[in-house]
Amino acid sequence: CEPEVHAFLTVTRDEALAAADRIDARRHSLAKAYRHTMDWLDAIPDSELRRIYMLRYMMGKSWQQVANALGNTASSDAVQIRAKRFLQKN
């Protein structure tokens, strides 16, 4: 067994409040980016393309996992090419 190591960090009240403000600002920025992304996804007319982007970029699935989730015979390369072509056209 390895010994446990405990480290303690002391911060002032002002430092803690400043850190909390930075976290709140970052949370707000991420929420805004998420809403913007969801609006963009909702505007895609093709439901399968919306699903491709949701699985790949919002859920972090690999291209192979995306292809498998679609349940059709498309390869991961075909799914990736379809997504890329949509971006190139729009």
Side-chain angles (χ1 to χ4, degrees):
C1 274
E2 294 192 26
E4 292 184 32
V5 177
H6 299 277
F8 296 95
L9 177 65
T10 304
V11 296
T12 66
R13 182 178 186 279
D14 289 342
E15 290 170 329
L17 291 172
D21 287 344
R22 288 191 304 274
I23 290 169
D24 285 342
R26 183 67 174 148
R27 185 180 304 132
H28 176 75
S29 175
L30 290 172
K32 185 177 178 180
Y34 179 82
R35 285 190 305 273
H36 178 76
T37 302
M38 293 308 293
D39 289 345
W40 181 83
L41 283 170
D42 288 342
I44 297 173
D46 184 316
S47 63
E48 189 170 77
L49 267 172
R50 281 195 307 273
R51 189 164 183 220
I52 288 170
Y53 286 113
M54 178 65 78
L55 290 166
R56 175 66 178 161
Y57 296 108
M58 300 299 284
M59 300 178 73
K61 303 291 185 186
S62 69
W63 286 113
Q64 185 60 56
Q65 290 170 319
V66 172
N68 292 345
L70 295 178
N72 57 27
T73 58
S75 69
S76 61
D77 289 339
V79 172
Q80 186 175 3
I81 290 168
R82 183 167 180 216
K84 184 178 179 180
R85 284 185 181 154
F86 175 80
L87 289 177
Q88 290 171 339
K89 289 180 183 178
N90 296 290

For [X] against [Y], the heavy-atom pair lying closest together:
X     : Y     : value
Ala74 : Ala67 : O-CB, 3.6 Å
Thr10 : Glu15 : O-OE1, 4.4 Å
Leu70 : Glu48 : CD2-CG, 3.9 Å
Arg50 : Ser47 : NH2-CB, 3.2 Å
Ala16 : Val11 : CB-CG2, 4.3 Å

Do side-chain atoms of Arg51 reach the backbone of Ala69 as a donor and acceptor pair under 3.5 angstrom?
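Yes.
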
For the pair Thr37 (side chain) and Ala33 (backbone), establish whether a donor and an acceptor sit closer than 3.5 Å, ignoring hydrogens and angles.
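Side chain of Thr37 to backbone of Ala33: a pair is present.
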
Tell me whether the rings of Trp40 and Tyr53 are parallel (<30°), tilted (30 to 60°) or perpendicular (>60°).
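Trp40 and Tyr53: perpendicular rings.
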
Say whether [X] and [Y] are linked into one hydrophobic cluster, either directly or through other cluster members, by side-chain heavy-atom distances under 4.5 angstrom.
X     : Y     : value
Met58 : Leu30 : no
Met59 : Val79 : yes
Leu87 : Leu49 : yes

Answer yes or no: is there a side-chain heavy-atom contact under 4.5 Å between Leu41 and Met54?
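With C-beta onward as the side chain, the pair touches.
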
Any side-chain heavy-atom pair of Ile52 and Trp63 under 4.5 Å:
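They are in side-chain contact.
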
Just checking Tyr57: does its OH atom have more than 12 heavy atoms from other residues, nucleotides or ligands closer to it than 6.0 angstrom?
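Counting other residues, nucleotides and ligands, OH of Tyr57 exceeds 12 neighbours.
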
Test applied, side-chain contact (heavy atoms from CB on, under 4.5 Å); reference residue, Lys84; option that passes from Gln80, Gln88, Arg82
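Of the listed residues Gln80, Gln88, Arg82, the side-chain contact (heavy atoms from CB on, under 4.5 Å) partner of Lys84 is Gln88.
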
Between OG of Ser29 and CG of Asp24, what distance do you get to the nearest 0.5 Å?
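So the OG of Ser29 and the CG of Asp24 are separated by 12.5 Å.
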
Spacing of OG belonging to Ser76 relative to CZ belonging to Arg56, to within rounding of 0.5 Å
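Result: 10.0 Å between the selected atoms.
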
Yes or no on side chain to side chain contact (heavy atoms under 4.5 Å, CB included) for Ile44 and Phe86, after CA distance, side-chain angles and deciding distance?
CA-CA 9 Å; Ile44 297 173; Phe86 175 80; 3.8 Å; yes

